[in-house]
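Any value given below was found using the heavy atoms of this structure, including those in side chains, with hydrogens, waters and symmetry copies removed.
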Amino acid sequence: MKSYQTFPSERITFKDRVTGATIHQLTNYKGNSVHPYFTDDGWYDNNRRMLFQGDRNNAHNIFSIELESGEISQLTDMPADGPNLASPLFVNRKYNEIYYVYKGCVYALNLETLDARPLYIIPKGFTFGGARPTADGEYVVGGLTEDTSTRIKANLSAGYIGMREIFEAKPDCRIIRINVTTGQVDEVWQENCWVGHINPSLTQGNLISFCHEGPWQLVDHRIWVLDLDTGKVRKIRERRQDGEMVGHEYWFEDGVHIGYQVHHRGENAESFFGFQRYDGEDELEASCGAPMPTPDHIHSLGFDFVVSDSGKTIKGYKYDGKTFDGPRIICMHDGDFFWGAHHPHPAISHDGKNIVFNSTRTGYCNIYMVEIPEDFYSLPKVNLDELKRK
């Protein structure tokens, strides 16, 4: 495989200080490294390699790490003077390529040859988010959002500064799909509402989910499914009481169910994990064991085992057919949540054996992978009173 630069393994393996679980620190660089967002499939080469974005030599680039050897390959060669590229690191398995945005253009990057070709010029007055492939590999989907930067001073990565203001501005937002071979662009959806988190199904080429972005308790409705072929949308998990917060949606591995979490506020607050089919059927929700002080980032392959990251811990929950046992500590991530990309965002590997997460525990954001202990029920439970103080 081609590479602009190759770095020897930076892997450090150690035992977690609380549970004894085996943790592999995959990057160890005095610059930030970030694994793919938990909704994005950044594994390739028969799942032997994982993509990540990182800052090395004062430049922001895309890299891959070979999991067995730990060797790191640099896949783009951006100049040190910026601006940064942006990519969801979501692999199109049909064409072995990913997509990124740089200087107002969406590019396709071949992961074998490292050839990059322009796909789409972003129209003036809009920003672009997404660039994820559909399950059939034929299209890239993404969102155009009216550029509000001249009237709203926002920095969403730094503690969501400006989120309420953008939400209230109701920007012009559009969902488009780009044919990756012909370059034809179709505008599939438009509304004057802040639209985000455009995620394709992992198995159904015509389906994506998106959200109405903003403070969870204030949005009209959070989770939507869009059929790209018909342009029709439907709601997933409507709010059932005032102030109820539903979010952190993601597709299960089967590509037909959408997982999410539900939080209630107040003295008798409850927290749930749930899922629905893309057509709104087959709903199941269960208590996650205890009310959490803040919404976690959650991920799972199905409904039997869920991981999350609030506080200082990577936590696990096992479904017993009625409710979830947990939260139990899988390991300590010991990181912070100040900068958006540095959130742990735990993601379970396709084989269900490992959890990948980010952590700033060393002062820089690096990437870690913890082996999921075989005896889940031997892991200690989280002290929720202690968690609330952190």
Side-chain angles (χ1 to χ4, degrees), residues 35-51 64 87-101 106-112 117 119-120 128-143 174-189 195-211 223-236 248-260 275-282 299-303 345 347-352 356:
H35 78 82
Y37 196 60
F38 66 95
T39 58
D40 295 327
D41 184 1
W43 304 83
Y44 72 110
D45 190 18
N46 293 316
N47 297 325
R48 291 192 292 261
R49 291 180 180 270
M50 183 185 72
L51 296 166
S64 77
S87 173
L89 304 179
F90 198 129
V91 178
N92 184 330
R93 292 176 179 266
K94 180 173 183 177
Y95 294 108
N96 195 33
E97 61 187 21
I98 60 171
Y99 309 93
Y100 66 85
V101 176
V106 178
Y107 291 87
L109 174 71
N110 184 285
L111 293 173
E112 183 64 31
R117 69 182 193 281
L119 271 183
Y120 175 68
F128 184 89
R132 295 175 172 91
T134 52
D136 55 15
E138 298 300 333
Y139 298 93
V140 170
V141 292
R174 309 172 188 192
I175 296 174
I176 64 171
R177 68 176 181 180
I178 308 163
N179 189 299
V180 299
T181 55
T182 69
Q184 178 179 328
V185 180
D186 300 315
E187 184 178 302
V188 188
W189 184 254
V195 169
H197 291 270
I198 298 169
N199 295 319
S201 161
L202 300 176
T203 62
Q204 310 300 307
N206 64 316
L207 296 180
I208 66 168
S209 65
F210 67 91
C211 79
I223 310 171
W224 303 77
V225 168
L226 171 64
D227 186 321
L228 295 169
D229 292 337
T230 66
K232 293 182 178 180
V233 301
R234 67 163 300 114
K235 296 178 179 178
I236 295 294
H248 283 153
E249 65 280 355
Y250 59 99
W251 289 91
F252 284 1
E253 287 274 288
D254 64 13
V256 297
H257 291 93
I258 295 175
Y260 55 82
F275 69 82
Q276 281 187 5
R277 272 177 53 97
Y278 67 89
D279 56 9
E281 301 297 323
D282 198 23
H299 185 247
S300 66
L301 304 180
F303 201 58
H345 292 150
I348 303 174
S349 59
H350 287 297
D351 62 9
V356 179

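Taking 4.5 Å as the limit, some side-chain heavy atom of V256 sits within range of a side-chain heavy atom of Q204. You'll find the side chain of P133 reaches within 4.5 Å of the side chain of F90, heavy atoms only. Taking 4.5 Å as the limit, some side-chain heavy atom of W224 sits within range of a side-chain heavy atom of K235. Contact check for F275 versus D282: side-chain heavy atoms found under the 4.5 Å cut-off. Looking at heavy atoms from C-beta onward, L89 lies out of side-chain contact with D40 at the 4.5 angstrom threshold. In this structure the side chain of I208 never reaches within 4.5 angstrom of the side chain of W189, judged on heavy atoms. Between D351 and N47 the shortest side-chain heavy-atom distance does not fall below 4.5 Å. The side-chain heavy atoms of M50 and P36, taken from C-beta on, include a pair separated by under 4.5 Å.
When all heavy atoms of S64 and R49 are compared, the pair lying nearest together is OG-NH1, 3.5 Å. A pairwise comparison of heavy atoms in L202 and F252 identifies CD1-O, 3.7 Å as the closest pair. D227 and L207 make their closest contact through CA-CD2, 4.1 Å (heavy atoms, listed as atom of the first residue, atom of the second, distance). Closest approach of Y260 and I258 over heavy atoms only: CD2-O, 3.6 Å.
Side-chain N or O atoms of H345 include none that pairs as donor or acceptor with a backbone N or O of Y37 at under 3.5 Å. Side chain of D279 to main chain of E281: a donor-acceptor pair is present (N/O by atom type, distance under 3.5 Å, no hydrogens or angles). Side-chain atoms of H35 never come within 3.5 Å of backbone atoms of G42 as a donor-acceptor pair (strictly under, hydrogens ignored). Without hydrogens or angle criteria, S87 side chain to Y100 main chain gives no donor-acceptor distance under 3.5 Å. W251 places a side-chain N or O within donor-acceptor distance of the main-chain N or O of N199, the cut-off being under 3.5 Å.
Taken to the nearest 0.5 Å, the CD1 atom of I198 stands 11.5 Å off from the OG1 atom of T39.
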V91 and D41: CA distance, side-chain angles, deciding distance, side chain to side chain contact (heavy atoms under 4.5 Å, CB included) verdict: CA-CA 6 Å; V91 178; D41 184 1; 5.6 Å; no

May I have the step-by-step check of side chain to side chain contact (heavy atoms under 4.5 Å, CB included) for I98 and L111, ending in yes or no? CA-CA 7 Å; I98 60 171; L111 293 173; 4.1 Å; yes

Evaluate the side chain to side chain donor-acceptor pair (under 3.5 Å) criterion for residues Y250 and S300: first the C-alpha distance (whole Å), next the side-chain angles of each, then the deciding distance (0.1 Å), finally the verdict. CA-CA 9 Å; Y250 59 99; S300 66; 2.6 Å; yes

Run W43 and R93 through side chain to side chain contact (heavy atoms under 4.5 Å, CB included) and show every step you take. CA-CA 9 Å; W43 304 83; R93 292 176 179 266; 4.0 Å; yes

One pair to check against side chain to side chain donor-acceptor pair (under 3.5 Å): Y99 and N92. What are the steps and the verdict? CA-CA 9 Å; Y99 309 93; N92 184 330; 2.9 Å; yes

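Using a 4.0 Å cut-off between charged nitrogen and carboxylate oxygen, D186 and R177 count as a salt-bridge pair.
In this structure N179 satisfies the side-chain contact (heavy atoms from CB on, under 4.5 Å) test together with Y139, T181, T182, Q184, sequence neighbours excluded.
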